[in-house]
Amino acid sequence: MVDQYLPLWEVFVRSKRGMDHKHCGSVHAADAEQALQYARDVYTRRSEGNSIWVVEATHIVASQPDDQEAFFEPADDKVYRHATFYDVPADVKHM
Amino acid sequence: MSDLTQQEALFTYTLRLADNALILGHRLSEWCGHGPFLEEDIGVINTALDLLGRCRMLYSYAGEVEGKGRDEDDLAFHRDEREFTNYLLMEQPKGDFAYTTIRQFYADVWNLHFYTELCNSKDETLAAIARKVVKECRYHFRHNAEWVKRLGDGTEESHQRMNDAIAEASRFVNEMFEMDEVDQVMVDAGVGVDLNVVKEKWIASVDQVFADATLQRPEPEYDRSGGRKGLHTEQLGFLLAEMQYVQRCHPGLQW
């Protein structure tokens with residue numbers, strides 16, 4: 001029944017103001033409102049968040065394992081693309 | 001003038017609210033592990049836990065008002081059927097999911113409007129409890145209103161099951177708006193809620209959701225009543241036997 005009537009939704013929760021939403025799991029639900037409620041019931045009942053996004057899983061376009069070489073390996077030998085040559089001031093958090 | 005002191009009235013008033021929360025919460029907990037699917041199983045049990053949390057606050061306060069040293073466990077586990085004062089609707093068995101939905105929806109709408117009014121109580125403790133409780137009530141209402149619409153305006157079978165559930169539950173509705181001496185003393189003292197006000201809002205909310213759900217709210221052919229006098233349906237005794245068993249076997253047992 002779950003597969004036939006209840007599509008999968010991916011759940012993103014923001015743990016506190018100013019932070020970004022993080023993927024934390026998925027729920028089955030018949031529609032957007034129900035998905036939001038189940039995300040609330042399943043993932044935030046112990047005060048884990050103050051904002052929730054849900055998106056139907058079929059709407060997510062994902063890279064494939066076959067894309068590995070073309071997508072990610074060209075970056076491996078280009079360390080100058082990392083901002084590691086700067087000193088981050090001590091007061092800056094969440095970098 | 002009534003013979004009832006304000007303290008006695010406040011005790012009974014608070015106890016009734018606690019009994020409603022406990023009995024409905026226990027009934028709802030019967031879905032634990034039996035929900036239609038995992039997510040709703042968790043959703044239903046969240047609501048049951050909200051109701052249990054609510055009854056604990058109310059029992060503790062009732063015990064305090066009574067002043068005879070009874071705590072929340074004494075009031076929940078060491079009273080018999082005739083001493084319970086919950087509305088009959090709360091003790092009705094869970095039935096199918098349509099019946100649970102209607103039972104819960106009727107109670108949610110009542111709770112939402114009742115506790116919204118109770119926020120203005122002159123009794124500071126009851127007002128504080130109400131302000132906390134009304135937030136959960138809004139969520140419960142939202143969650144179950146969606147289910148009423150989904151099942152009412154769903155398939156032929158779900159629509160039929162909702163109609164059957166409504167027909168079954170309707171006779172327990174009017175009891176929730178009866179005003180007796182305890183209510184009157186509390187309303188006169190600015191502590192309690194006028195249930196006529198709650199009734200008006202209850203009807204408006206239910207009719208609004210039912211319109212979206214393609215359902216009709218029937219006038220009951222007859223009304224069942226008596227829960228607040230301890231005159232219950234045959235269902236409550238079985239519920240209490242199961243719920244109270246451990247505390248009756250091992251009085252004072254703690255986790």
Side-chain angles (χ1 to χ4, degrees), chain A residues 1-68 93-94, chain B residues 25 28-29 31-54 96-98 100-101 104-105 108 112 132-133 135-159 161-162 208-209 212-214:
Chain A
M1 184 193 94
V2 165
D3 291 341
Q4 192 183 350
Y5 297 110
L6 302 174
L8 191 68
W9 299 71
E10 298 299 331
V11 178
F12 300 81
V13 172
R14 187 176 69 184
S15 57
K16 54 181 172 180
R17 202 166 284 281
M19 302 290 280
D20 45 8
H21 288 71
K22 285 205 165 53
H23 183 241
C24 62
S26 54
V27 293
H28 288 96
D31 53 46
E33 168 67 18
Q34 194 183 44
L36 201 57
Q37 291 182 9
Y38 286 152
R40 178 262 189 194
D41 281 331
V42 175
Y43 292 108
T44 67
R45 55 192 297 232
R46 298 185 184 88
S47 308
E48 289 94 337
N50 62 15
S51 169
I52 301 171
W53 290 347
V54 290
V55 57
E56 211 177 327
T58 54
H59 292 155
I60 291 181
V61 182
S63 67
Q64 301 298 312
D66 289 350
D67 298 330
Q68 186 75 20
K93 297 196 172 77
H94 309 307
Chain B
L28 210 50
S29 78
W31 281 101
C32 188
H34 302 276
F37 48 96
L38 180 67
E39 286 84 348
E40 183 59 25
D41 196 283
I42 296 173
V44 165
I45 299 310
N46 271 348
T47 303
L49 284 172
D50 286 343
L51 290 166
L52 289 186
R54 181 183 312 175
D96 61 8
F97 195 71
T100 289
T101 299
Q104 192 62 34
F105 178 65
D108 287 341
L112 176 65
K132 191 170 150 62
V133 161
K135 293 178 197 162
E136 356 175 289
C137 293
R138 284 188 204 116
Y139 184 78
H140 299 164
F141 172 75
R142 183 170 159 177
H143 184 81
N144 275 294
E146 286 294 312
W147 267 116
V148 171
K149 293 177 201 168
R150 196 173 288 121
L151 295 176
D153 193 18
T155 65
E156 205 175 305
E157 184 184 355
S158 71
H159 183 80
R161 282 176 184 255
M162 287 300 274
Q208 197 181 2
V209 173
D212 287 345
T214 68

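Letters go in sequence order (proteins before strands), and every chain restarts at 1.
At a 4.5 Å heavy-atom cutoff, the contact between B:R142 and chain A is made by backbone and side-chain atoms alike. With a 4.5 Å cut-off on non-hydrogen atoms, A:Q37 touches chain B through its backbone and its side chain both. If you measure heavy-atom distances from B:I45 to chain A, you find no contacts under 4.5 Å at all.
The aromatic rings of A:H23 and A:F12 lie tilted to each other, with the angle between the two planes from 30° to 60°. Taking the six-membered ring for Trp and thresholds of 30 and 60 degrees, B:F141 and B:F105 have nearly parallel ring planes, at less than 30 degrees apart.
The side chain to side chain contact (heavy atoms under 4.5 Å, CB included) test applied to B:R161 returns B:D96, B:A98, B:E157, not counting sequence neighbours.
Heavy-atom neighbours of A:E56 CD from other residues, nucleotides or ligands within 6.0 Å: above the threshold of 12.
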